[in-house]
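Working notes for the structure below.
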Amino acid sequence: MHKLISLKDINTFSVEAYCEEIIYITQYNQLLKLDLPPNYKILGGGSNILITQNLHVPILLNQLKGIEVEYENKDSIQLKIASGENWHEVVLYCIEHDYGGIENLSLIPGTVGAAPVQNIGAYGVEIKDVLVSVDGIFLENNNHRTYNNEECVFGYRESIFKTKLKNSFFISSITIQLSKSNHQIQTEYGAIKSFLDSKKIYKPTIKDVSSAVIAIRQSKLPDPKLLANAGSFFKNSVISQTEFENLHTKHPNIPHFLMSNTEVKIPTAWLLEKAGWKGKQIGNVACHKDQPLVIVNCNNASGTEIYNFSELIIQDIQDKFGISLVREVNIW
Ligand code: EPU
């Protein structure tokens, strides 16, 4: 009989649930010696999961560390980063060394290994824009494999690691390519530019962009240490052009971004606000008052309570707009 281990401190939703075994992965070679039952789970920073039950399978907790220079010339550098590193610490390391490309992805919670899984993105940049390759191992046969950028099949918050390879491939490191000179600063995303303008910064450095992103995120996204949450709970909604035209007739002010000739992206935060969910609390769960896309655990809610709250939202948005919301957070 295993002792029960609380998972409360290793999920940013701060949900109480128990497991029987956590295997801390600190060395790559450990992965070659594991004898796992099927259905084991892999956990990084615990910032994109909602645990709705006790887990009777081993949890592999990724703590692989290290940053190595893979290749370098006078203009660019490739870094190979172990998957258990904290993403934001890596961003800060890159800014300190004046390596450009991931400054817009400052302050995203979670580990490096989780970053390609959901193709993390913010303020006009996604990890796919700098990613060279992902290395890892198939745990059932110990085969090592490198996936190049194209093979990762990246989409909006999507990749092959989230679909076909889910829970079978353990990502051990990622390689990213960054600039050492002539940084391509991306400030088109409204909030960054207006923040920098307000500070009279017209030729921003990557550090300025990072500081702007940090300030913007802190102003509207709740800190999980103070108010438990897992970031955006739902994805933004991608609908067909025809569906969009119907909605646009009813809601002429609906914000929207063209994805292609046939698809339109609607901010789910707008749908939630319009439907009255912004700041709305039921029991111990609420949509955050500044950013309704973030569901918050106000007071020791269980995973099931949070899940049920999200079901109410999905039903309501379906009824009001005919849009089926997709969860961004993984449900365990
Ligand atoms: N909006 C509202 N009401 C609100 C907030 C937003 O109507 O209360 C509408 C506005 O039209 C606004 C639009 O939603 O222009 C977009 O809002 P925001 O810029 O805050 O970003 P988001 O689309 O809601 C996405 C990511 C975030 C990322 C931000 C910034 C997803 C699911 N979320 O949110 O990522 O930080 O853009 O780029 O794509 C995460 O994935 O956990 C996450 C926080």
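For ligands, and for the atoms within them, numbers begin at 1 and follow the listed sequence. Note that the structure is predicted; figures quoted are calculated from it, not measured. All residue numbers refer to positions in the sequence shown, counting from 1.
Salt bridge status for K280 with E273: absent, with no side-chain N to carboxylate O gap under 4.0 Å. Ion pair K162/E328 not flagged as a salt bridge, since none of the NZ, NE, NH1 or NH2 atoms sits closer than 4.0 Å to an Asp/Glu carboxylate oxygen. Using a 4.0 Å cut-off between charged side-chain N and carboxylate O, E89 and K65 make no salt bridge. Look at K207 and E96 and you find no salt bridge, because none of the NZ, NE, NH1 or NH2 atoms lies under 4.0 Å from a carboxylate O.
Set against the non-hydrogen atoms of E328, the atoms of ligand 1 under 4.0 Å away are 32 (C), 40 (C), 41 (O), 42 (O). Heavy-atom contacts of G231 reach the following atoms of ligand 1: 42 (O) (cutoff under 4.0 Å). Every atom of ligand 1 with a heavy atom of P292 under 4.0 Å away is listed here by number and element: 4 (C), 8 (O). The distance from ligand 1 to the heavy atoms of Y156 drops below 4.0 Å at these ligand atoms: 31 (C), 32 (C), 39 (O). The contact set between ligand 1 and W270, taken as ligand atoms under 4.0 Å from a residue heavy atom, comprises 2 (C), 7 (O). Every atom of ligand 1 is numbered from 1 in the order shown, and the set under 4.0 Å from a heavy atom of K220 is 18 (P), 19 (O), 20 (O). Heavy-atom proximity to A122, at under 4.0 Å, picks out these atoms of ligand 1: 36 (O), 38 (O). The distance from ligand 1 to the heavy atoms of K278 drops below 4.0 Å at these ligand atoms: 4 (C), 8 (O).
Few gaps surround CD on E140; more than 12 heavy atoms of other groups in view lie less than 6.0 Å from it. The neighbour count for E68 CD, taken as heavy atoms of other residues, nucleotides or ligands under 6.0 Å away, does not exceed 12.
Taking atom 1 (N) of ligand 1 as the reference point, the nearest protein heavy-atom neighbour is A269 CB, 3.6 Å. Protein heavy atom in closest approach to atom 13 (C) of ligand 1: P267 CB, 3.5 Å. Nearest non-hydrogen protein atom to atom 23 (O) of ligand 1 is N236 ND2, 2.8 Å. Protein heavy atom in closest approach to atom 38 (O) of ligand 1: Y123 N, 2.7 Å. For atom 17 (O) of ligand 1, the nearest non-hydrogen atom of the protein is Q291 NE2, 4.2 Å. Taking atom 37 (O) of ligand 1 as the reference point, the nearest protein heavy-atom neighbour is Y189 OH, 4.2 Å.
Only the backbone of D290 comes within 4.0 Å of ligand 1, counting heavy atoms alone; no side-chain atom from C-beta on gets that close. Residue contacts with ligand 1 for F234 involve N, CA, C or O but no side-chain atom from C-beta outward (heavy atoms, distance under 4.0 Å). Contact annotation: for R217 versus ligand 1, heavy atoms closer than 4.0 Å belong to the side chain alone. When heavy-atom distances to ligand 1 are checked against a 4.0 Å cut-off, P255 comes that close only through its side chain, counted from C-beta outward.
Checking atom 10 (C) of ligand 1 against the protein gives no heavy-atom contact under 4.0 Å. For atom 15 (O) of ligand 1, the nearest protein heavy atom lies 4.0 Å away or farther.
In summary, the aromatic rings of H183 and Y99 are positioned with their centroids too far apart to meet the 6.0 Å limit. Taking the six-membered ring wherever Trp is involved, the centroid distance between the rings of F138 and F170 does not fall below 6.0 Å. A distance of 6.0 Å or more separates the ring centres of F13 and W332.
For ligand 1, one of its N or O atoms has an N or O atom of S232 under 3.5 Å away.
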Step by step, work out the side chain to side chain contact (heavy atoms under 4.5 Å, CB included) result for N284 and S302. CA-CA 9 Å; N284 301 309; S302 67; over 6 Å; no
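Ring planes of H256 and F244: tilted class, angle from 30 to 60°. Ring orientation note: the planes of W270 and F321 are tilted relative to one another, at an angle of 30° to 60°.
A side-chain donor from one of H144 and D135 sits under 3.5 Å from a side-chain acceptor of the other.
Comparing heavy-atom distances from atom 26 (C) of ligand 1 across E273, Q118, R157 singles out R157 as nearest. When I266, I192, L293 are ranked by how near their heavy atoms come to atom 34 (O) of ligand 1, first place goes to L293.
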